[in-house]
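The model shown is predicted, which means the values in this text are computed figures rather than measured ones.
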Amino acid sequence: MAELDRVVKPKTKRAKRFLEKREPKLNENVKNAMLIKGGNANATITQVLRDMYALKKPYSVLYKKKNITRPFEDQTSLEFFSRKSDCSLFMFGSHNKKRPNNLIVGRMYDYHILDMIELGIEKFVSLKDIKNSKCPEGTKPMLIFAGDAFDVSEDYRRLKSLLIDFFRGPTVPNIRLAGLEYVLHFAALDGKIYFRTYKLLLKKSGCRTPRIELEEMGPSLDLIMRRTYLASDDLYKLSMKLPKALKPKKKKNVSRDTFGTTYGRIHMQKQDLSKLQTRKMKGLKKRPAEKLTDKQENKPKKIKRRKIDSI
C-alpha cells in the first residue's frame, strides 16, 4: 500500500505517458471493471464472473486467483486492486453457508469505495448453456429497467444507477440502427430482480422500418438484494459534480417557454427614422413646396433685439 500511495517520478517516457493517462481529465476514459473471486467461490460464482467479463469486454479485468477478503468488513484490498488496475467498478463473488452464491457490485470514487450492493443468486443460466448466436466483443448494450421499485425505493434507485454505470460502456455521439445488437433487461418484482439478456434481430417488414424480435442470449439471473453500503448524500453529490469547463455557458437575454420556443431580447440604440434610407421611387419624392416647408421648420428662429433709448 505504501508503494502505491507515494509520489512516483517517471524515469522513462513510456512511464510518463502511462502516468499521464491516469491523471484527472475533463472527459474521463471509459470506466473499467474488475471481477474478483472470493476465497471460497464455487463453480456457479466462477461462471457468473466469466459471463460478466464476456459482456464487459474490453473494459474489464478478470482476476483468476482467489482472494480472501470481505468487502463489507475490510475495504483496503479492493481499493488496492482498484489503484493497481485503474478500475472504478468492481464485482466480487463469494460463497458460504450464511450467504450462498453471493455477488457484490460496487464502484469507486478517487480509489475509495463509494457504494456497493450485495446480491444473492437464486437461479442462473450461463452464456454457454443457451445455444444461440452471441454479440461481438465491445458492443454497446441497450438497458431497460421495469418495475416501480426502481423509482420508489432508495436502495433500488442506487442499484439502478450502479447497473447503468457498470454496463453502459463508452459514450458515443451517434447511433446507427445496425449497432443496436443486444438488450439487458432488469425487472424488479416481488422483492426479486430478474436479469435477462436478449439479442436484437432485425427482420424484414415490407417497409423501411424493420420488424424487431428478441432472442434470449444469456446469461440469465434471478437475484435478491441482501446488504447495502451507500455513500452519504454529500459525498454522492460531490462524485457527480461536473467541472466548470464542461458546464454549458448561460446565454444572456435568452429564454424558453414550455413548448421549447426560444425567445431573445435585443438592446439597440435609439434610431432616427427620418434618416432611414428607403427605396427611391418617383412617387415618394418630395415636391419643391414640401422641401421649403421642411427647411423653414428646421431653420432656427432669430431673436429680435430692440434698441432701448438712453435717458
Side-chain angles (χ1 to χ4, degrees), residues 1-10 15 18-25 28-42 44-53 56-121 154-155 158-159 161-167 223-241:
M1 285 294 291
E3 292 181 1
L4 287 174
D5 289 336
R6 65 187 174 87
V7 178
V8 180
K9 291 184 178 180
F18 177 78
L19 292 176
E20 283 176 354
K21 285 182 181 179
R22 293 198 172 192
E23 287 179 355
K25 306 177 185 67
E28 289 290 345
N29 303 330
V30 183
K31 291 183 178 181
N32 294 328
M34 53 183 183
L35 299 108
I36 304 171
K37 286 194 293 184
N40 47 1
N42 58 1
T44 303
I45 289 295
T46 304
Q47 191 59 45
V48 168
L49 294 176
R50 284 177 183 171
D51 288 357
M52 295 300 171
Y53 173 69
K56 277 289 293 178
K57 271 185 177 181
Y59 307 108
S60 57
V61 178
L62 178 64
Y63 286 91
K64 296 181 180 179
K65 291 184 178 180
K66 293 183 177 181
N67 297 276
I68 302 171
T69 182
R70 294 182 179 87
F72 278 88
E73 297 170 14
D74 185 17
Q75 303 168 1
T76 54
S77 57
L78 283 178
E79 291 171 358
F80 172 80
F81 285 123
S82 172
R83 193 180 292 271
K84 183 181 178 182
S85 56
D86 193 24
C87 293
S88 56
L89 301 165
F90 70 89
M91 185 177 282
F92 180 83
S94 62
H95 174 77
N96 53 44
K97 189 177 180 180
K98 189 177 180 181
R99 295 184 179 88
N101 298 328
N102 204 41
L103 206 64
I104 300 173
V105 187
R107 54 188 165 187
M108 304 279 184
Y109 173 65
D110 195 20
Y111 298 113
H112 295 287
I113 288 180
L114 181 68
D115 47 16
M116 55 183 172
I117 296 174
E118 189 178 61
L119 303 168
I121 303 171
E154 181 61 27
D155 291 345
R158 287 289 182 93
L159 177 62
S161 172
L162 184 56
L163 291 172
I164 290 172
D165 240 8
F166 198 90
F167 289 107
L223 306 167
I224 55 168
M225 190 179 291
R226 287 175 178 164
R227 291 182 292 176
T228 59
Y229 175 87
L230 303 179
S232 62
D233 293 337
D234 295 336
L235 183 60
Y236 190 68
K237 287 180 181 178
L238 182 65
S239 66
M240 298 178 70
K241 189 177 179 181

Q.
What verdict does the side chain to side chain contact (heavy atoms under 4.5 Å, CB included) test give for I117 and T228, after you've listed the backbone C-alpha separation in whole Å, the side-chain angles of each residue and the deciding distance to 0.1 Å?
A. CA-CA 4 Å; I117 296 174; T228 59; 4.2 Å; yes
Q | Carboxylate-amine/guanidinium contact R83 E79, below 4.0 Å | A |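 Salt bridge flag = no for E79 with R83.
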Restricting to non-hydrogen atoms, name the atom on [X] and the atom on [Y] that form the minimum distance, rounded to 0.1 Å.
{"X": "P71", "Y": "Q75", "result": "O-CG, 3.1 Å"}
{"X": "I68", "Y": "G39", "result": "CG1-CA, 3.9 Å"}
{"X": "A33", "Y": "K56", "result": "CB-CE, 3.8 Å"}
{"X": "C87", "Y": "S82", "result": "O-OG, 2.5 Å"}
{"X": "Y236", "Y": "S239", "result": "O-OG, 2.7 Å"}
{"X": "S60", "Y": "L35", "result": "CB-CD1, 3.9 Å"}

[X] vs [Y] side-chain heavy atoms within contact, under 4.5 Å:
{"X": "F92", "Y": "I45", "value": "no"}
{"X": "D115", "Y": "L230", "value": "yes"}
{"X": "D155", "Y": "M225", "value": "yes"}
{"X": "L223", "Y": "I121", "value": "yes"}
{"X": "M34", "Y": "K84", "value": "no"}
{"X": "N96", "Y": "N102", "value": "no"}
{"X": "S77", "Y": "N67", "value": "no"}

(Q) Is the ring pair Y63/F81 parallel, tilted or perpendicular, if the boundaries are 30 and 60 degrees? (A)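 Judged by the thresholds at 30° and 60°, the geometry between Y63 and F81 is tilted.
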Quick one: pull up [atom1] in [X] and [atom2] in [Y] and give me the separation to the nearest 0.5 Å.
{"X": "M52", "Y": "F166", "atom1": "CE", "atom2": "CZ", "result": "7.5 Å"}
{"X": "D86", "Y": "M108", "atom1": "CG", "atom2": "CE", "result": "11.5 Å"}
{"X": "R70", "Y": "I104", "atom1": "CZ", "atom2": "CD1", "result": "11.0 Å"}
{"X": "I36", "Y": "T69", "atom1": "CD1", "atom2": "OG1", "result": "8.0 Å"}
{"X": "I113", "Y": "R107", "atom1": "CD1", "atom2": "CZ", "result": "12.5 Å"}
{"X": "N40", "Y": "K66", "atom1": "CG", "atom2": "NZ", "result": "7.5 Å"}

Q: With sequence neighbours excluded, tell me which residues meet side-chain contact (heavy atoms from CB on, under 4.5 Å) with I164.
A: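 Residues passing side-chain contact (heavy atoms from CB on, under 4.5 Å) with I164: L143, F145, K160, R168.
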Q. In chain order, what residues pass the side chain to side chain donor-acceptor pair (under 3.5 Å) check against S88, with sequence neighbours excluded?
A.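 Not a single residue meets the side chain to side chain donor-acceptor pair (under 3.5 Å) criterion with S88.
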Q: Kindly indicate, with the supporting measurements, whether the criterion salt bridge (Lys or Arg N to Asp or Glu O under 4.0 Å) is fulfilled by R227 and E118.
A: CA-CA 5 Å; R227 291 182 292 176; E118 189 178 61; 2.9 Å; yes
Q. Do H95 side-chain atoms and P100 backbone N/O form a donor-acceptor pair below 3.5 Å?
A.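 Between the backbone of P100 and the side chain of H95 there is no qualifying donor-acceptor contact (under 3.5 Å).
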Q: Validate the cation-pi geometry between K31 and Y59: distance from NZ or CZ to the six-membered ring centre under 6.0 Å, angle to the ring axis within 45°.
A: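 Here K31 fails the 6.0 Å and 45° test against Y59.
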(Q) Quick check with a 6.0 Å cut-off and a 45 degree axis cone: is R226 positioned over the face of F72's six-membered ring? (A)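 Negative - R226 is either too far from the ring of F72 or too far off its axis.
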Q: Decide if atom CZ of R50 counts as having more than 12 heavy atoms of other residues, nucleotides or ligands within a radius under 6.0 Å.
A: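 No.
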Q) Among side-chain atoms of T76 and D74, is any donor-acceptor pair under 3.5 angstrom? A)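 A pair is found: one side chain offers a donor N or O, the other an acceptor, under 3.5 Å apart.
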